[in-house]
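Note sheet for the following structure.
Reminder, nothing fancy here: chain letters follow the sequence lines and each chain counts from 1. Please read these numbers as outputs of a predicted model, since none were measured by experiment.
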2 protein chains.
Amino acid sequence: MQNLESIGVKIRNLREGADMPLRKLAALLDVDQSTLSKIERDERKPNIKMIEEVSKIFNVDKDELLISFYSDIVFYEIQDENSFSKILQVAEAKIQYQRTITNKKK
Amino acid sequence: MQNLESIGVKIRNLREGADMPLRKLAALLDVDQSTLSKIERDERKPNIKMIEEVSKIFNVDKDELLISFYSDIVFYEIQDENSFSKILQVAEAKIQYQRTITNKKK
DNA sequence: GTATATTTGGACATAATTTGTCAAGAAATA
DNA sequence: TATTTCTTGACAAATTATGTCCAAATATAC
């Protein structure tokens, strides 16, 4: 089964699971605690560097976090579109097609 | 079979199919011709209003254009990610899940 | 070839969005 | 109640998007 948590909720869960105060994780990630608070409540996005740090600090798979991160972005981009399913299908085909092109080139 | 053209290429094809100069379509869409030129070559994105106008002018399905438009956006967002397929799958599940929530609420 | 029409490119200003910071207030805990 | 933790909103700075102009490049017509 899939994990549908947002990247923010994931980070909060990891942090609370380790009994770490927000303030401390913010320091480790080198951001203001208000920024981290907003990230955990999905008011802001983390950046890739933060995600890498989080994966190291809590020793979790970076890819899993990245999937959560990027799927959030896609989610916000097209959540209100009726044809969301078709959009994703076409997007995937476009990426796959591009890869066939760029592989041929080298 | 799917249509993998970018929204820009789609617009250009429609315009050329109608033998209409870029300058004229730009006027109809109320944008600078250099802006339309960039849109047709995928250097910029059109906005939704332009897409609606294009669908009216050339009498094509608006949804088809919107799918092209949004899949471009998703494409650029995640084209370099190895787990792109998984990302899209999770994004779709998130949208579907959200819809079950919001339907229950009313 | 020259002239004309069409398209492209780049510089620039303005607007919108994102990102980072701070400090005070609210909530939770001791 | 006192202390720690978290949230909120306001603000400035940085980044990105958008719109405009005009000259250069390209294509087409004469």
Once rounded to the nearest 0.5 Å, what's the spacing between atom OH of B/Y70 and atom CG of A/L88?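 B/Y70 atom OH to A/L88 atom CG measures 12.5 Å (nearest 0.5 Å).
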To the nearest 0.5 Å, how far apart are CZ in A/R41 and CG in A/L36? 9.5 Å
What is the distance, to the nearest angstrom, from the [atom1] atom on [X] to the [atom2] atom on [N]?
X: B/K49; N: D/dT18; atom1: NZ; atom2: P; result: 14 Å
X: A/K45; N: D/dT15; atom1: NZ; atom2: P; result: 15 Å
X: B/E16; N: D/dT26; atom1: CD; atom2: P; result: 17 Å
X: A/N47; N: C/dT18; atom1: CG; atom2: C1'; result: 12 Å

Residue B/R12, side-chain atoms from C-beta onward, closest of C/dG9, C/dT7, D/dT7: C/dT7
Quick one: does any side-chain atom of A/R99 pair with a main-chain N or O of B/Q79 as donor and acceptor, under 3.5 Å? yes
Heavy-atom donor-acceptor pair, B/S68 side chain to B/E5 backbone, under 3.5 Å: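 Here the side-chain-to-backbone pair exists.
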Members of residues 18-41 of chain A that approach DNA chain D, where some heavy atom sits under 4.0 Å away: A/P21, A/L22, A/R23, A/Q33, A/S34, A/S37, A/K38, A/R41
Would you please confirm or rule out a distance under 4.0 Å between OP1 or OP2 of C/dT21 and any side-chain N or O of A/R44? no
Linked, directly or transitively: A/L4 and A/I51 (ILVMFWY side chains, under 4.5 Å): yes
B/E92 and A/S85: side-chain donor and acceptor closer than 3.5 Å? yes
